[in-house]
Amino acid sequence: MDSPVSGGSASDRPLIWLPFDPAELGDPPQALRYEVVDPTREVPDSVAEVAYYVTPYQMGASVTDVLPRMSGLQVVQTLTAGVDAVRPRVPSGVTLCSGRGIHDASTAELAVTLVLASLRGVPGFVRDHDRREWNQQWYPALADRHVLIVGYGAIGEAIEARLAPFEVTITKVARSARDGVHAIAELPDLLPSADVVVLIVPLTDETRGLVDAAFLGRLRDGALLVNVSRGPVVDQDALVAELTSGRITAALDVVDPEPLPSSSPLWGAPGLLISPHVGGTSSAMWPRAHRLVRDQLHRFAAGEPLANVVQG
């Protein structure tokens, strides 16, 4: 940022739009003024005065429809780790910051839940419970499995930390190779040895359709694919074909489109567990969201560099 924000009358202080009560921040900077606004429902007359816009968590086109009217806008702050739905509409010269770190714990917990539930047959237990049936079988354990984490960033690191106590071997993959992390270009050689593949990549031109028929074909028989990234990362037709063959299983927290239409063949695919994009929506989200926004606003008020800048 160029310079600290000075005191003065209320009208002189930069205006911040928040999707929650500023009291939730604990100690928000007094050099700023705040309005609680959800522009998908109502756009106040103060729209041209907004300097820092914290978007509502539930993203949609209407969240960014308001941007052209924000003539004084300096920063857009999302509460999502991914910004693919927002980035194309952020005006030139406006800083875009992601919610990186907000959803690490929640998403990592769900990723491990989906892995364990799928391997240990929990969906079948629930169906048997509803039918009052007792079906005792053997199931694969997570222990001794080889887990491939594709997209080793902050959330990938959180997933690794939660998987490590389960006595697994973990291989990490990111866009570029670094110490202890393989490059995504190495996937063709890494996939055949993986028992579990966890996807947590951002949606980019490079990752859209990453999991295609060739990717799935390299998986060993009995492998489990878990997607907690974005729906378009997986070619769903190719996945349905593999699931129908019974060769692999999968668990998806994200699909394309969302909500998933009742006519989608995914609903009837065998060996598939679907959760309705709830990776980030847990009680762990809001304390971390409030902490990030509070720290960002203190930086903004002091003229210090912001965290999580992805554009601008």
Original post:
Should V228 and L272 be counted in the same cluster of Ile, Leu, Val, Met, Phe, Trp and Tyr side chains packed under 4.5 Å apart?
Top reply: no

**OP:** Kindly work out whether a path of hydrophobic side-chain contacts (I/L/V/M/F/W/Y, heavy atoms less than 4.5 Å apart) joins V173 to V201.
**Re:** yes

Measure across [X] and [Y] and return the closest heavy-atom pair with its distance rounded to 0.1 Å.
{"X": "T207", "Y": "T204", "result": "OG1-N, 2.8 Å"}
{"X": "D253", "Y": "G279", "result": "OD2-N, 2.9 Å"}
{"X": "S229", "Y": "V254", "result": "O-CG1, 3.6 Å"}

**OP:** Go through the steps to decide whether V54 and L79 satisfy the test side-chain contact (heavy atoms from CB on, under 4.5 Å), and finish with yes or no.
**Re:** CA-CA 7 Å; V54 181; L79 299 181; 3.9 Å; yes

Is it the case that [X] and [Y] place a side-chain donor and acceptor less than 3.5 Å from each other?
{"X": "Y52", "Y": "Q74", "answer": "no"}
{"X": "H146", "Y": "T171", "answer": "yes"}
{"X": "E160", "Y": "Y152", "answer": "yes"}

**OP:** Apply side-chain contact (heavy atoms from CB on, under 4.5 Å) to the pair V150 and L187, showing each step before the final yes or no.
**Re:** CA-CA 9 Å; V150 183; L187 275 176; 4.0 Å; yes

Test item: [X] side-chain N/O and [Y] main-chain N/O as donor-acceptor pair under 3.5 Å:
{"X": "S264", "Y": "W267", "answer": "no"}
{"X": "N308", "Y": "R100", "answer": "yes"}
{"X": "D212", "Y": "F215", "answer": "yes"}
{"X": "Q30", "Y": "P28", "answer": "yes"}

**OP:** May I ask you to decide if the ring planes of Y57 and H103 are parallel, tilted or perpendicular, using 30° and 60° as cut-offs?
**Re:** tilted

Subject >> Chi angles and distances behind the salt bridge (Lys or Arg N to Asp or Glu O under 4.0 Å) call for D65, R89 >> reply: CA-CA 8 Å; D65 284 345; R89 304 194 66 183; 2.8 Å; yes

Subject >> Value rounded to 0.5 Å, distance of CG in D235 from CD in E242 >> reply: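 Rounded to the nearest 0.5 Å, the CG-CD separation comes to 10.5 Å.
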
**OP:** Find the distance between CG (D189) and NE2 (H182) and round it off to the nearest 0.5 Å.
**Re:**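 One gets 10.0 Å once the value is rounded to the nearest 0.5 Å.
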
Original post:
Does the salt bridge (Lys or Arg N to Asp or Glu O under 4.0 Å) test come out yes or no for D130 and R127, once each step is laid out?
Top reply: CA-CA 5 Å; D130 291 342; R127 296 185 182 101; over 6 Å; no

Original post:
Charged N to carboxylate O under 4.0 angstrom, R288 versus D104?
Top reply: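 Salt bridge between R288 and D104, a charged N being under 4.0 Å from a carboxylate O: no.
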
Subject >> Note: R230-E258 ion pair, threshold 4.0 Å (strictly below) >> reply: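 So R230 does not pair with E258 through a salt bridge.
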
**OP:** Show your reasoning for whether side-chain contact (heavy atoms from CB on, under 4.5 Å) applies to I16 and F300.
**Re:** CA-CA 11 Å; I16 314 300; F300 178 74; 4.2 Å; yes

**OP:** Just jot down the side chain to side chain donor-acceptor pair (under 3.5 Å) partners of T281, sequence neighbours excluded, or say none.
**Re:**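 Result, side chain to side chain donor-acceptor pair (under 3.5 Å) vs T281: none returned.
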
Sequence neighbours left out, cut at 3.5 Å: what donor-acceptor pairs do the side chains of residues 109-120 make with other protein atoms?
{"residue": "T113", "atom": "OG1", "partner": "E109", "partner atom": "O", "Å": "2.8"}
{"residue": "S118", "atom": "OG", "partner": "L114", "partner atom": "O", "Å": "2.8"}

**OP:** Would you sort out whether V75 and C97 count as a side-chain contact (heavy atoms from CB on, under 4.5 Å), showing the intermediate values?
**Re:** CA-CA 7 Å; V75 180; C97 298; 4.2 Å; yes

If you look only at distance, which donor and acceptor atoms sit under 3.5 Å apart when one is on a side chain in residues 133-142 and the other is two or more places apart or in another chain?
{"residue": "E133", "atom": "OE1", "partner": "R131", "partner atom": "NE", "Å": "3.3"}
{"residue": "N135", "atom": "ND2", "partner": "D128", "partner atom": "OD1", "Å": "3.1"}
{"residue": "N135", "atom": "ND2", "partner": "D128", "partner atom": "OD2", "Å": "3.2"}

